[in-house]
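As structure tokens, the structure follows; a few thoughts come after it.
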Amino acid sequence: MKRNDQQAYDRGTSLFSPDGRIYQVEYAREAVKRGAPAVGVRASDGVVLAAQTRTSSSLMETESVEKLHKLDDRIGAASAGHVADARQLVDDARLECQTNRLRYGEPIGLETLTKALTDDIQESTQFGGTRPYGASLLIGGMDGDEAGLFATDPSGTPQEWKAVAIGGSRGEIQEFLEDEWTTELSVDDAVTLAIEALLTGVDSLAPEEASVAVVTSEGYRHLSVEEVGDVLAELQPDDADSE
């Protein structure tokens, strides 16, 4: 009988269960947890975004799997969860950035962008005939001279972080970040920390399986496979020697 009651509340995205839960939102969070991990690290002079690029077949081109996205000149995003849902959120975020530039003649603030995006995400939990987005984004960049890092949730809740992980193995990665993050981190140190954090959540990581981007006052820059490989060689010397 209890199972039938839960299934009834499952059918509506805007229905609360008797204990105050929206099951579809919780299922959407599970979809995020099943995605490849992504990490954001705020440094004193910028933000680093890193993600595992996981393919479903050895025949698939790794470059075709996009986990990191440029939203504006000095704003980037990392995604976890359903790829199609994440792509839609990225398109919405880019549109919001462009609209702000056309309307006000200046780049949008990180918090303003995140809250505008999470307002749309929350609406999908409020009306019938829709479902929550099965994806989360890390939004990082520069607000003037200050670096910022925010995360979105399928419920539509925005949160600001110093360092955060989303996707698979979040618990282990987040625990590592809590132990290792410091206020004195430079962008270069943050790159090493972000990649090392990814390594705590996966069995192994090849240079082409990791996407890393840096956002500073100079703009958004995606690190090359060679640059990622150099960092991995320092973190995994035994693996590098065996190749």
Side-chain angles (χ1 to χ4, degrees), residues 32-33 35-54 62-63 65-71 74-81 86 90 110 114 135-143 146-152 159-237 239-240:
V32 175
K33 291 179 182 178
V39 174
V41 179
R42 191 180 76 192
S44 57
D45 51 347
V47 174
V48 173
L49 300 170
Q52 181 191 16
T53 305
R54 193 164 61 193
T62 309
E63 293 79 7
V65 181
E66 290 186 277
K67 294 283 292 181
L68 303 183
H69 317 266
K70 181 179 179 181
L71 303 183
R74 301 199 301 171
I75 302 177
S79 62
V90 167
L110 279 174
T114 305
S136 290
L137 295 183
L138 300 180
I139 300 174
M142 303 297 293
D143 258 334
E146 296 292 325
L149 175 65
F150 290 82
T152 71
Q159 297 171 329
E160 186 173 8
W161 293 84
K162 299 170 183 176
V164 64
I166 56 176
S169 303
R170 182 189 185 277
E172 299 93 320
I173 297 174
Q174 192 65 35
E175 184 177 345
F176 173 82
L177 291 172
E178 290 171 359
D179 291 338
E180 299 297 328
W181 186 88
T182 64
T183 55
E184 295 81 16
L185 280 177
S186 66
V187 165
D188 290 339
D189 294 333
V191 169
T192 302
L193 178 62
I195 295 176
E196 193 172 3
L198 282 181
L199 286 170
T200 65
V202 298
D203 296 330
S204 62
L205 196 64
E208 61 274 9
E209 295 174 337
S211 295
V212 183
V214 172
V215 189
T216 64
S217 57
E218 297 178 359
Y220 176 98
R221 186 175 75 89
H222 203 285
L223 270 62
S224 66
V225 174
E226 290 75 19
E227 289 175 296
V228 175
D230 291 341
V231 178
L232 283 172
E234 296 178 4
L235 297 174
Q236 304 178 114
D239 293 346

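All values below come from the heavy atoms of this structure, side chains included, with hydrogens, waters and symmetry mates left out.
Partners of Val90 by side chain to side chain contact (heavy atoms under 4.5 Å, CB included), not counting sequence neighbours, listed by chain and number: His69, Leu71, Arg94, Leu137. Under the side chain to side chain contact (heavy atoms under 4.5 Å, CB included) criterion, Thr114 pairs with Thr118, Ile139, Phe150, Thr152, Pro158, sequence neighbours left out. Not counting sequence neighbours, the partners of Ala50 by the side chain to side chain contact (heavy atoms under 4.5 Å, CB included) test are Ala194, Leu198, Val212. For Lys33, the salt bridge (Lys or Arg N to Asp or Glu O under 4.0 Å) partners two or more places apart in sequence, or in a different chain, are Glu30.
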Give the C-alpha distance, both sets of side-chain angles, the deciding distance and a yes or no for side-chain contact (heavy atoms from CB on, under 4.5 Å) between Leu110 and Ile75. CA-CA 8 Å; Leu110 279 174; Ile75 302 177; 3.8 Å; yes
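A pairwise comparison of heavy atoms in Ala78 and Leu68 identifies CB-CD2, 3.5 Å as the closest pair. Closest approach of Ala36 to Gln52, counting heavy atoms only: CB-O, 3.5 Å. In terms of heavy atoms, Ala210 sits closest to Val228 at CB-CG1, 3.9 Å. Scanning both residues, Leu138 and Ala151, for their nearest heavy atoms gives CD2-CB, 3.7 Å. Scanning all heavy atoms of the two residues, the minimum distance from Ala190 to Ala43 falls at CB-CB, 4.0 Å. Between Ala197 and Leu177, the shortest heavy-atom distance links the atoms CB-CD2, 3.8 Å.
Note on residues 207-217: pairs passing side-chain hydrogen bond (donor to acceptor under 3.5 Å, both in side chains), not counting sequence neighbours, are Thr53-Ser211. Applying the salt bridge (charged side-chain N to carboxylate O under 4.0 Å, His left out) rule to pairs touching residues 218-227 yields Arg221-Glu227, sequence neighbours excluded. Within the structure, every pair that satisfies the salt bridge (charged side-chain N to carboxylate O under 4.0 Å, His left out) test and touches residues 36-50, not counting sequence neighbours, is listed here: Arg42-Glu160. Among residue pairs with one or both ends in residues 178-188, those qualifying as side-chain hydrogen bond (donor to acceptor under 3.5 Å, both in side chains) are Ser186-Asp189; sequence neighbours excluded.
Put simply, the side chain of Val48 does not reach to within 4.5 Å of the side chain of Val39, judged on heavy atoms. When side chains are defined from C-beta on, Phe176 does not count as touching Leu199, because their heavy atoms never get closer than 4.5 Å.
Here the straight-line distance linking atom OG1 of Thr192 with atom CG of Leu232 works out to 10.0 Å at 0.5 Å rounding.
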In residues 165-175, what donor-acceptor pairs under 3.5 Å come from side-chain atoms, sequence neighbours left out?
residue	atom	partner	partner atom	Å
Ser169	OG	Gly201	O	3.0
Arg170	NE	Ala165	O	2.8
Gln174	OE1	Ala165	N	2.9
Gln174	NE2	Ala163	O	3.3

